[in-house]
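Counting begins at 1 with the first residue of the sequence. No experiment lies behind these values; they were computed from the predicted model shown.
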Amino acid sequence: MARYGGKVIIFARVLSVVVLFAINRSSSGAEPPKPVYYPNRINFTNDPKPFAVRVTKFVCTKTPYERTNLLLCKTVLRRNQPTVVHIKLHVPMVLNEIYFKLDTYYRYNEYRSFPVTLHTEVCAYFRNPSDDPMSRQAMSMALETMPQYMHYCPHGNTTYVMDYWLEEKFFPKSLPAGDFRFDVWLHDRDNQTLFSYQTFFSVRRRGVLKSLIEW
């Protein structure tokens with residue numbers, strides 16, 4: 001009987017420690033991140049488009065980073081599914097300013113600048129989002145592909161683990177056929193790279209396109 005009584009006492013002590021930890025955690029004042037409110041989000045559909053998109057690869061660039069640690073960057077080609085990149089990025093510091101820069105390139109004999117660009121400070125944009133076509137498209141894509149990280153600043157002080165992909169529904173109504181490259185650069189106020197990558201993809205016509213680009 002004494003043996004069972006000892007086990008009960010040990011269990012009670014362990015339980016009390018767990019309860020105390022939970023109480024301390026709940027009273028520490030830490031609040032979960034607040035999701036970004038964006039009522040003008042695009043609801044992407046799988047309606048057919050007059051072109052097909054095929055992503056050939058994602059490449060993480062500018063490595064190694066001085067202020068963050070890229071633990072994983074791996075492209076996976078999937079049959080009958082969009083190509084995906086597995087990313088694991090450790091950001092040790094707290095960030096209240098994150099600058100995002102997107103440049104698009106179209107390949108002739110070599111890649112040349114294409115007139116689709118975006119440069120914004122992410123934290124300010126989350127607080128006061130713009131509804132210009134490019135910003136709205138990028139914001140809606142991010143909400144669909146990585147909703148767990150779409151919250152108001154601060155960011156950082158964590159390890160980001162995500163799968164990112166592109167598919168036809170994310171693109172505007174029309175695009176010229178050919179080979180493209182997206183260059184994405186996230187940096188801090190000192191222009192120190194936090195994360196950087198390139199996306200290589202091709203667009204192939206399924207019919208006659210009405211214009212060069214139509215949102």
Side-chain angles (χ1 to χ4, degrees), residues 17-18 20-41 55 57-76 82-105 116-132 134-166 170 181-200:
V17 171
V18 172
L20 181 62
F21 174 78
I23 292 173
N24 289 337
R25 187 176 181 182
S26 64
S27 61
S28 63
E31 296 182 358
K34 184 179 179 181
V36 172
Y37 176 67
Y38 191 67
N40 204 20
R41 173 180 179 177
V55 175
K57 62 181 176 179
F58 297 92
V59 179
C60 292
T61 56
K62 303 181 186 292
T63 59
Y65 309 136
E66 292 188 8
R67 300 191 177 181
T68 59
N69 185 14
L70 182 63
L71 303 173
L72 177 67
C73 178
K74 181 179 180 181
T75 299
V76 177
T83 299
V84 67
V85 59
H86 302 308
I87 299 168
K88 189 174 183 180
L89 179 73
H90 180 60
V91 182
M93 77 292 287
V94 174
L95 296 169
N96 285 292
E97 290 184 17
I98 307 168
Y99 294 88
F100 175 92
K101 189 173 189 291
L102 165 69
D103 291 310
T104 306
Y105 297 87
V116 174
T117 62
L118 179 62
H119 194 190
T120 188
E121 198 284 294
V122 173
C123 297
Y125 182 84
F126 282 177
R127 294 191 300 268
N128 187 26
S130 167
D131 282 334
D132 70 88
M134 188 60 199
S135 297
R136 184 171 176 242
Q137 196 87 7
M139 184 71 167
S140 300
M141 287 169 55
L143 285 165
E144 178 143 343
T145 57
M146 47 184 176
Q148 69 274 30
Y149 298 124
M150 297 301 291
H151 60 78
Y152 294 105
C153 295
H155 272 267
N157 192 29
T158 190
T159 298
Y160 294 87
V161 180
M162 69 188 79
D163 294 337
Y164 181 75
W165 71 95
L166 290 177
F170 295 153
R181 190 184 84 213
F182 284 153
D183 287 13
V184 173
W185 180 35
L186 289 109
H187 61 91
D188 62 15
R189 65 166 66 183
D190 300 320
N191 284 335
Q192 292 291 327
T193 299
L194 303 172
F195 181 56
S196 177
Y197 70 93
Q198 294 176 325
T199 305
F200 294 82

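Between the side chain of Tyr65 and the backbone N or O of Ser196 there is at least one donor-acceptor pair closer than 3.5 Å. At distances below 3.5 Å, at least one donor-acceptor pair connects side-chain atoms of Arg136 with backbone N or O atoms of Asn40.
Residue His151 comes nearest to Gln148 through the heavy atom pair CD2-O, 4.0 Å, listed as atom of the first residue, atom of the second, then distance. The shortest non-hydrogen separation linking Ser135 to Ser130 is CB-O, 4.1 Å. In plain terms, the two heavy atoms of Phe170 and Gln137 that are nearest each other are O-NE2, 2.5 Å. Between Val59 and Phe200, the shortest heavy-atom contact is CG2-CE1, 4.0 Å. The two atoms that bring Leu118 and Ala138 nearest to each other are CD2-CB, 3.8 Å, heavy atoms only. The nearest pair of heavy atoms linking Leu95 to Cys153 is O-CB, 4.2 Å.
Atom-to-atom distance recorded for Phe100:CZ and Leu194:CG is 12.5 Å, nearest 0.5 angstrom. Here the NZ-CD distance, from Lys62 to Gln198, works out to 8.5 Å after rounding to the nearest 0.5 Å. Separating the CG atom in Leu102 from the CE atom in Met134 is a distance of 4.5 Å, to the nearest 0.5 Å. Taken to the nearest 0.5 Å, the CG atom of Leu70 stands 12.5 Å off from the NE2 atom of His90. Here Met162 contributes atom CE and Leu72 contributes atom CG; the two are 11.0 Å apart, rounded to the nearest 0.5 Å. Between atom CG of residue Asp190 and atom CD of residue Glu97 there is a gap of 9.5 Å, rounded to the nearest 0.5 Å.
Between Phe195 and Cys60, some side-chain heavy-atom pair lies under the 4.5 Å cut-off. The shortest distance between side-chain heavy atoms of Met139 and Arg41 does not fall below 4.5 Å. Side-chain contact between Thr83 and Lys57 is absent, with no heavy atoms from C-beta onward closer than 4.5 Å. Between Thr199 and Val184 there is no side-chain heavy-atom pair separated by less than 4.5 Å. Proximity of Asp188 to Arg67: side-chain heavy atoms (C-beta onward) are separated by under 4.5 Å at one or more points. Between Tyr160 and Met146, every side-chain heavy-atom pair lies at or beyond the 4.5 Å cut-off. For the pair Thr117 and His119, the minimum side-chain heavy-atom distance is 4.5 Å or more. Counting heavy atoms from C-beta outward, Tyr38 and Met150 have side chains that stay 4.5 Å or more apart.
Ring-plane geometry between Tyr197 and Phe58 is classed as tilted, the angle between the planes lying from 30 to 60 degrees on a 0 to 90 degree scale. Note: His187 and Tyr99 have parallel aromatic rings, judged against thresholds of 30 and 60 degrees for the angle between ring planes.
Under a cut-off of 6.0 angstrom, the local environment of CD in Glu66 is sparse, with at most 12 non-hydrogen atoms contributed by other residues, nucleotides or ligands.
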> Does the pair His155 and Val122 meet the rule for a side-chain contact (heavy atoms from CB on, under 4.5 Å), with working shown?
Replying inline: CA-CA 10 Å; His155 272 267; Val122 173; 5.9 Å; no
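For Trp165 and Thr145, the side-chain atoms include no donor-acceptor pair closer than 3.5 Å.
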